[in-house]
Amino acid sequence: MAALSSSSSPSSFFFSTASPHPKPTRFSRLVRMAYQENAPSLAVVGVTGAVGQEFLSVLSDRDFPYRSIKMLASKRSAGKSVRFQGEEHVVEELTADSFDGVDIALFSAGGSISKHFGPLAVEKGTIVVDNSSAFRMDENVPLVIPEVNPEAMKGIKVGNGKGALIANPNCSTIICLMAVTPLHRHAKVLRMVVSTYQAASGAGAAAMEELVQQTREVLEGKPPTCNIFRDQYAFNLFSHNASVLSNGYNEEEMKLVKETRKIWSDANVKVTATCIRVPVMRAHAESINLQFENPLDENAAREILKNSPGVVIIDDRKANQFPTPLKVSKKDDIAVGRIRQDVSLDGNKGLDIFICGDQIRKGAALNAVQIAELLL
């Protein structure tokens with residue numbers, strides 16, 4: 001079994017677009033630099049938030065090249081100090097002029113901020129990698145997981161003099177498709193049923209802090225403080241807090257449906273999801289049932305996953321050891337286990353898997369930085 005890495009090298013695979021289910025082809029470029037005079041200028045928007053802080057961590061871990069970096073946040077956070085690669089940086093207030101001379105901007109400040117400032121940045125020639133849902137379903141904006149569909153951002157490069165928007169998918173979608181896409185390429189997924197068990201980190205740093213606070217309060221016999229969620233979070237679980245739509249699905253569930261279709265360029269794939277909040281700090285878990293067009297047995301699936309970039313297998317039936325949120329927290333790779341044939345389907349045309357991935361890292365910051373690496 002491959003070891004989980006906390007700072008993996010950039011993805012070692014691209015995918016050819018010659019067929020609807022392209023096979024991986026290797027590329028050798030490895031980013032191993034940091035400060036350089038001829039490197040891109042960077043900006044991090046929402047730098048004081050959980051994902052913003054993780055942006056800095058991933059940029060540092062991967063020695064992302066830069067000649068300058070701006071730390072941007074709200075007026076409330078302006079003037080704070082942020083440490084990056086051994087130096088203190090002052091947080092600046094985000095304004096329309098913040099992107100003068102900026103080549104790449106990593107955004108994680110919420111949809112309304114992205115909708116307002118993203119296009120302004122693009123007008124100034126900045127390539128924006130946006131972690132919000134603001135542009136994901138815009139047909140003119142690529143929605144990218146580098147290991148899955150890098151071809152979607154073909155032609156967008158630093159140095160070509162043009163700004164652009166690239167959307168980071170939702171965390172649950174990234175974690176899901178990292179594991180499922182390699183299987184989809186081999187056997188074509190017809191239907192996917194996903195149940196998610198989502199960590200506090202998906203709701204931001206304040207939710208993480210409240211989970212810790214509530215846990216202390218409940219253990220001390222005090223009523224829990226419920227500012228972020230209406231329901232008690234500690235020692236409890238509940239339906240995802242996203243708004244419920246007229247079809248009975250919540251917005252988080254429909255993101256999985258719509259984003260999967262866009263990323264796979266397959267409007268016909270059937271996807272259904274149920275999303276649940278669980279009292280876990282920063283890694284999501286997902287139970288996934290797959291129905292295929294072509295036969296795929298569990299042993300072949302293991303071999304496929306074992307050779308897939310960004311994926312590790314934790315699947316020891318004898319020892320009853322499988323993925324857990326703690327095993328992947330602060331790690332880059334998506335862990336896959338409970339790989340088994342779906343006994344309700346004949347002809348080896350169904351599989352069940354259980355996966356875990358760090359929501360802040362590959363589910364957000366790492367994926368965005370990997371996108372930025374492809375811009376160089």
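Start at 1 with the first residue, then count along the sequence.
Of the possible polar contacts, none joining the N149 side chain to the A152 backbone as a donor-acceptor pair under 3.5 Å is found. Side-chain N or O atoms of H240 include none that pairs as donor or acceptor with a backbone N or O of R277 at under 3.5 Å. Using a distance-only test at 3.5 Å, with no hydrogens or angles considered, a donor-acceptor pair links the side chain of T181 to the main chain of L177. Judged purely by atom type and a 3.5 angstrom limit, E293 has no side-chain atom pairing as donor or acceptor with the backbone of K188.
The minimum heavy-atom distance linking E217 with P224 is given by the pair OE1-CA, 3.1 Å. When every heavy atom of L59 is checked against every heavy atom of Q85, the shortest pair comes out as O-NE2, 4.4 Å.
D97 and T95 share no donor-acceptor pair across their side chains, judged by distance under 3.5 Å alone. Side-chain contact annotation: T225 with E210, donor-acceptor N/O pair under 3.5 Å absent. Side chain to side chain, K349 and Q341 fail the donor-acceptor criterion of an N or O pair below 3.5 Å. Inspection of the Q213 and E209 side chains reveals no N or O donor paired with an N or O acceptor under 3.5 Å. Between the side chains of D358 and S329, no donor N or O sits under 3.5 Å from an acceptor N or O. For the residue pair K270 and Q291, no side-chain donor N or O sits within less than 3.5 Å of a side-chain acceptor on the partner. There is a side-chain donor-acceptor pair under 3.5 Å between T272 and Y249. Between the side chains of D352 and N289, at least one donor-acceptor pair of N or O atoms lies under 3.5 Å.
A cation-pi arrangement, defined by a distance under 6.0 Å to the six-membered ring centre and an angle within 45 degrees of its axis, is present between R338 and F322.
A side chain to side chain donor-acceptor pair (under 3.5 Å) with N170 is found for one member of E259, E251, E252 and no other, namely E252.
Here the two rings, on F107 and F99, have centers that are under 6.0 Å apart.
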request  = Would you check, one step at a time, whether the test side-chain hydrogen bond (donor to acceptor under 3.5 Å, both in side chains) holds for T196 with Q198?
outcome  = CA-CA 6 Å; T196 71; Q198 297 185 220; 2.7 Å; yes
